[in-house]
Visitor: 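Structure below; questions to follow.
Every chain is numbered from 1, with letters handed out A, B, ... down the list of sequences.
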Amino acid sequence: MNEFDLGRFEEEAQEQWMHAFESNPSNLEKFYLTVAYPYPSGAMHVGHGRTYIVPDVIARFWRMRGKQVLYPMAFHVTGAPVIGISKRIAKKDPKTIHLYRDLYKVPQKVLDEFVDPLTIVRHFASEYQRVMTACGISIDWRRRFTTVDPTYSKFIEWQWKHLYDAGHVIKGVHPVRYCTVDDNPVGDHDLLEGDKAEVIKFTLVMFRYGDTFIPTATLRPETIHGVTNLWANPGITYVRALVDGTPWIISKDAAEKLALQDHIVEIQNEIAGRDLIDKIVSHPLCGKVPVLPADFVDPDVGSGLVMSVPAHAPFDYVALRDLQHAGRYTNIRPVPLIKVEGYGKIPAQDAVERTGITSQMDSCMDTLTQEIYSAEFSKGRLFEKYGGKPVRVARDEIAALMVEQYNSKIMYEFDTHPVVCRCGNKVKVKILHDQWFLKYSDPAWKKQVSDHLGDMALIPQEVRLEFERTIDWLKDWACTRRVGLGTRFPWDTTQLIEPLSDSTIYMAYYTIAHRIKEIEPSLLTPEVFDYIFLGKESVDLPEKKKLETMRKEFLFWYPYNYRFSAKDLISNHLTFQLFHHVTIFPKDKLPLGMVVFGMGLLNGAKMSSSKGNVFLLEDAVSEFGADTVRMFLMGSAEPWQDFDWRNELVISTKKQIERFYNTVLEIKDAKGEPDDIDRWLISRLQSHIDRTTAALTNFQTRQALQEAYFGIETDLKWYRRRLPDDCDGSRELHTLCSAWVRLLAPFIPFTGEYLWKQLAGEGLVSFAPWPVAERGLVNTRIELAEELLARTVEDIESIEKLIQIIPKSITISLAPAWKHEIFLAIAKADDRNTVIREIMKNDAMRKRGKEATDAAKQCTTLIHRLPPHVVEPLTQERVNEMAVFKAAKGFLEKEFGVPVHITEAESSEHPKAATALPFKPAIIIE
RNA sequence: GCGAGGGUAGCCAAGCCAGGUCAAAGGCGCUAGGUUGAGGGCCUAGUCUCGUAGGAGUUCUUGGGUUCGAAUCCCAUCCCUCGCACCA
C-alpha cells in the first residue's frame, strides 16, 4: 500500500490543491512574484518547465514562511509569428505540419482549425495551463488573461496615454527589411537567408557627368580626397533615371531600391556599362577622374558604381594594378590621405604586398579590406592638408558636408548579401513613414531607469553590468506594427502596438485581472485606470465599489518583489519594463528585484523546437513524475546557470526521491530513547535548516537541495551506522522527518503532501510552517566528538588499506595535555609565525625541548588542514577525547572486527604513540 | 565585430569577489566488498600518480606575471554561451 508511486501522489495532491493557491490580500506580509508570460505558439518543453518551476519553488518557500504569496500567469498572444504559422499550416507546409502534428502531438481535428491564428494560441494556452498544473506550479489561475482581451487592450491604451503624455512616444521614419512581393516588412522568422544582415547607412557621393549625376555608395566618404577614378562594370546594363527630377546613372537594382527609400524614380533609358568606361566625371572635392572598368562591381550593391581610392582600399588598389600590368591607365597613381600607424605611405599597397595577393577575386580580399578599414577607423588620421582629424571624426563631418553642399543622399543597404524572404523574393530596404517610436534614446529617461536600477535587487549580481550597458545602448524602439495581433495604436488605428511594448507593466494588471473582468470594457476609460493604479479621483467613475476593491488589491500587492526571466530578455523586455514603470508609477510602486535564468540544453545541445531537439515537459512528467522533473531541474544547476537535461541523470533523481520516501516511512515511527547520537543528529539538523533557508532566500535552488537532501541523507547514514545493532533509532527521528519533509516540500510537493499526511502533519504541507533552527538544540560538544570519531575511523580505514596485514587489534593513543595547550595556543593565535616563540617562553614547554617545537609544527600543519568550522569551536571547548573513544569503543570494535584499546600516549611504550596530536590520536594497528 | 558571462578531475558542478584551511564539497557514472531469492535496490569503500602507517608528487583551458604562497589577483591566448533591435 505504501509503495512509491508518484502518479498516485500527484493525483491526490491535485485534488487538495484545486483552489489552494488563489491568493487574496490579507494581514500577512505579501510576496509577489511574476515570470515573463509565455507566447503559446507550441508545446512546452523541459526548458519552459524550469522557467516556471524556479519561481514556484520560491513561491512555495515563502508561502511556508508565512507570507501571502501571489504567483499569477497569463498568455502573450500579441504579434506576428502565429500568423505565419497558420498561413503555413493552411498551405500544408510539410515542415510546419510535422512540427505541430508529430512533435507537439496536436490532434488532426485541432490542427485543421489552426488556419485561424487565434486558435493556435488558444489551444496552446490551455495546454500550458494544463501542463503547468501537472507540474504542481502554484499559480492563482483566476487572474489568467491574454493580451488580446478587450479589457487588456483598454489597459494598454491607458498605459500608452501616459507614455505619450510624458513625451516618450514620437513619430519618425525608419528603414526596415521589406519584401515587395508580400508588401510587408520582414522579421527574422520570415527570412530564408540573410537573417544576420544588418541595415547600413551609405553615403551617395555624387559625381557629375555633364548634366547627370553618377552616385557612388560609400561607407568612407572621407576618402573622397583620394579618389583616382570610378569603377563601372562593363558587363552590365545601367539606367539613366530621373531621381526626384534630377538625372542619375545607376544600376537597375539601385533604381528599384531608391524608389523604396523616399525617392521618386523614373527610368528613362538603359546604358551599357561599357559605354561608361573612360568617361570623365568630377566632384568638387577631388576634381576630374575617369571611369574605369572592373568586374568586381556588383549591380546589386549600392548604386552599382564605385568610387576608387587605391591608396586605402585593397580592392581598388589591386583592380588598378591589374589594369596597369596590362599597360593601361599607367598614369594613375594612388593618392594617400590618411596616415595610420603600422602601415606605410600607401596602406592598401602595403597590405596587399604583404599578403602577396595577386587577384582581385582572391578570397582574402574581404578580410584585408576589413583590416584596413578597422585600422584606419580606429587609429587613422587625415593628412594635415585635409584637416588632420581622426578618421572616426572626419568621416561623419565630411558625410554631413556632402549632404549639405554637394548633393549627397543617404542610401540604406544590407551589410551581407543575399537577403531572401520566405516567399523567395529578394528583400530590400524600405523607409517606412508614420513609424512610431518609444524614445528610449532620451538621456533623461535613461537616467530615471538607471537610478532606479541602483535600488533594485538583481540575481545573480553579474547581470547588473549587462543591464547598465543595455540602458546605455538602447536606441529608439519602433513600437508600432502593420501586421499581427494586438492592441490598436491610439494615434494611428491602422497600426498595432508592437508585442514587446504591450507587455511591460502587465504585472500591475495581474493584481486586478480577475476583478476587472466583471466590468464592461467600454466603461474602462483612462480615468478608471488612473483611479485604480494611481489613486486619482475623478467624477463619474463607474462601478465605484468594484474600483475601490481593485485599488486596494493593487496597493496590497504592488510593487512586485521579483520578476523572473531567462537572460535573453535582458536587452529588451526586462529593461523595457523598467522604462515603462518609471514613467507610469510613483517611486514606491517601482519593481523591487529581478532574477535572471540561464538557458536549457538537451543532451549537451541547445534546445530548439525548430530543430526537433526538445523534450516535451508533459512527456517528462508522465515518464518520470512531476516531482522528479522539478527536483532535477532545481538541483542540476542554479537558476542562472545553463542546465543540461539528460535522461540518465533524471532517472537517478527519481531514485533519490524514492530513497527519501522509503527512509522517511522506515524511520518516522522509531520509538527508542534519544541518546548522544540523536542529539548529534538534531544538532546537525539545525544547521541544515539554516543553510537551506539561506540558500532559498538567495534563490539558490541547487545549493538548497544539496543541504536539504544530501546533507541530511549523509547525516542519517552516519547516524544509522552509529546505532547499536538492536536499535532502530529514537523518537527524535520523527522530528527529523517532519523538518526534512517540509524542507523538501517546495521541490517535491507531491511526495511532500503524501508524506506529510503519513507524519500526521496538520493541513497541507504546502502551507505548513517552514522549519526554524533552534539555537538551543545545537550541541557543539557532541558535534566535535562525532567529528573526531569520524576522522579517526577514516584514518584507520586508510591505514588498513595501506599496510596489508590482517589486524589483530587497534590501539588509539591520545595526545597528552601539554600538546592540547600548544594546539590551543596556535589555534587562537593571530600571528602564527611568532606563536611558537611565545609558547617556548613557557618554562614547562622549554623543558620538553625539541619534542615541544616538533609538536608545535605538527599542530600548525594540522590546524591548517582542519576546516575552520572545526578549529573555531575547538578553541572554545576542549573535547574530552578519552570519554569520546571510550563511549565509542563498542562501535569501533563492531566496525573493524578487532579489539580496540584506548590509551594515553604518554603511558604508551609504542614509538607511534608519540605522534598523537589533539584531534588526531595516534593509531597503532597490530 | 561590439556588449555581457563562462571554461575546475570520466560527466555535471562547488570553490574564485575577501590568495594559505584545496588533490579541490556534493551529485552522477564506474570499480570492489557487504546485504539480498542471481539481478535491482540499499549499505560501505575506492575512483590524477606514487606509497606496507594516516603521507608525498603533479593538477583547476593555455602561456606569462604579482606573491613566501595562486584554481583564486593581474596581463595575454584559445574555446564556449547569451544579446546586438522591430523578434517573441
Side-chain angles (χ1 to χ4, degrees), chain A residues 36 38-39 41 76 78-82 174 176-177 185-190 195-196 198-199 370 374 415 432 435 437 440 460-470 472-481 484 498-501 503 566-573 596 598-599 601 604 606 635-638 640-644 646 648-649 651-653 655-656 658-659 662-663 702-703 705-707 709-711 714 717 720-721 791-792 794-805 832-833 861-871 895 912 915 920-925:
Chain A
Y39 182 76
S41 65
H76 191 213
T78 331
V82 279
H174 189 52
V176 295
R177 292 189 296 225
V186 283
D188 273 348
H189 54 274
D190 294 322
D195 57 337
K196 284 279 166 284
E198 268 184 75
V199 174
Q370 191 57 45
S374 311
D415 61 343
L432 286 185
Q435 177 63 54
F437 294 89
Y440 291 141
Q461 291 175 349
E462 291 78 36
V463 299
R464 185 172 295 277
L465 197 57
E466 210 180 337
F467 272 105
E468 284 168 3
R469 299 280 179 167
T470 301
D472 225 34
W473 158 91
L474 271 180
K475 305 186 195 53
D476 295 346
W477 180 264
C479 61
T480 56
R481 283 301 113 83
E498 177 274 333
L500 286 182
S501 306
S503 299
K567 68 177 170 196
D568 52 347
L569 296 190
I570 292 178
S571 65
N572 48 58
H573 167 73
V596 176
M599 312 300 284
L601 302 176
K606 202 181 149 180
S636 65
E638 297 295 4
W640 42 88
Q641 296 172 320
D642 296 349
F643 77 95
D644 190 6
R646 288 176 194 266
E648 325 85 81
L649 301 184
I651 290 168
S652 72
T653 304
K655 288 180 192 162
Q656 284 158 2
E658 182 168 5
R659 208 155 69 214
N662 288 330
T663 308
R702 175 193 163 84
Q703 179 66 33
L705 264 176
Q706 295 269 341
E707 277 301 328
Y709 183 86
F710 298 107
T714 305
K717 279 183 189 167
R720 292 167 111 180
R721 190 174 170 187
R791 281 174 175 275
T792 309
E794 246 174 69
D795 280 352
I796 296 172
E797 278 166 351
S798 67
I799 295 168
E800 276 195 344
K801 193 151 303 145
L802 278 169
I803 57 175
Q804 298 174 349
I805 58 166
R832 282 176 189 157
N833 296 320
T861 315
L862 178 60
I863 285 165
H864 274 291
R865 290 221 164 123
L866 290 171
H869 73 260
V870 170
V871 176
E895 282 287 309
K912 279 253 161 248
T915 64
K920 196 171 182 66
I923 295 161
I924 302 151
I925 299 178

Visitor: Across the strands shown, which category fits A/Trp640 at heavy-atom distances under 4.0 angstrom: base, sugar-phosphate, nothing?
Guide: nothing
Visitor: Can you confirm whether the side chains of A/Thr480 and A/Glu498 place a donor and an acceptor under 3.5 Å from each other?
Guide: no
Visitor: Given B/G54, B/A14, B/C28, identify the nucleotide with an atom nearest to the side chain of A/Asp795.
Guide: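 Closest nucleotide among those given: B/G54.
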Visitor: Can you tell which of B/G5, B/C43, B/G29 lies closest to the side chain of A/Leu465?
Guide: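 So the nucleotide nearest the side chain must be B/G5.
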Visitor: Using a 4.0 Å heavy-atom cut-off across all strands, classify A/Lys475 as base, sugar-phosphate, or nothing.
Guide: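 Base, at least one base atom sits under 4.0 Å.
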Visitor: Check every strand shown and say whether A/Glu797 touches a base, only sugar-phosphate, or nothing at a heavy-atom separation below 4.0 Å.
Guide: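 Sugar-phosphate, no base atom in range.
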Visitor: Quick one: label A/Leu601 by what it contacts on the DNA or RNA (base, sugar-phosphate, nothing), any heavy atom closer than 4.0 Å.
Guide: nothing
Visitor: Using a heavy-atom cut-off of 4.0 Å across all strands, would you classify A/Ala922 as base, sugar-phosphate, or nothing?
Guide: base
Visitor: Please determine whether a side-chain nitrogen or oxygen atom of A/Arg646 lies at a distance below 4.0 Å from atom OP1 or OP2 of B/C11.
Guide: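 So the side chain of A/Arg646 is outside the cut-off, no N or O lying under 4.0 Å from OP1 or OP2 of B/C11.
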Visitor: Return yes if the base of B/A88 and the side-chain atoms of A/Asn572 contain a donor-acceptor N/O pair under 3.5 Å, otherwise no.
Guide: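 Under the 3.5 Å cut-off, the side chain and the base do form a donor-acceptor pair.
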Visitor: Which is true for A/Lys655 with a 4.0 Å heavy-atom rule: it touches a base, it touches only sugar-phosphate, or it touches nothing?
Guide: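 Here A/Lys655 touches the backbone only, sparing every base.
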Visitor: B/C28, OP1 or OP2 - any side-chain N/O from A/Gln656 closer than 4.0 Å?
Guide: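 Indeed, a polar side-chain atom of A/Gln656 lies that close.
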Visitor: Roughly, in whole Å, what's the span from CD in A/Glu895 to C1' in B/U44?
Guide: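 In whole Å, B/U44 C1' lies 9 Å from A/Glu895 CD.
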Visitor: Phosphate oxygens OP1/OP2 of B/U44: is one of them under 4.0 Å from a side-chain N or O of A/Arg720?
Guide: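 The answer is no; no side-chain N or O of A/Arg720 sits under 4.0 Å from OP1 or OP2.
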Visitor: Without decimals, in angstroms, what is the distance between A/Asp568 CG and B/U81 C1'?
Guide: 12 Å
Visitor: Specify the separation, in whole Å, of atom CD of A/Gln703 and atom C1' of B/A13.
Guide: 11 Å
Visitor: Rounding to a whole Å, what distance do you find between A/Lys567:NZ and B/G3:C1'?
Guide: 13 Å
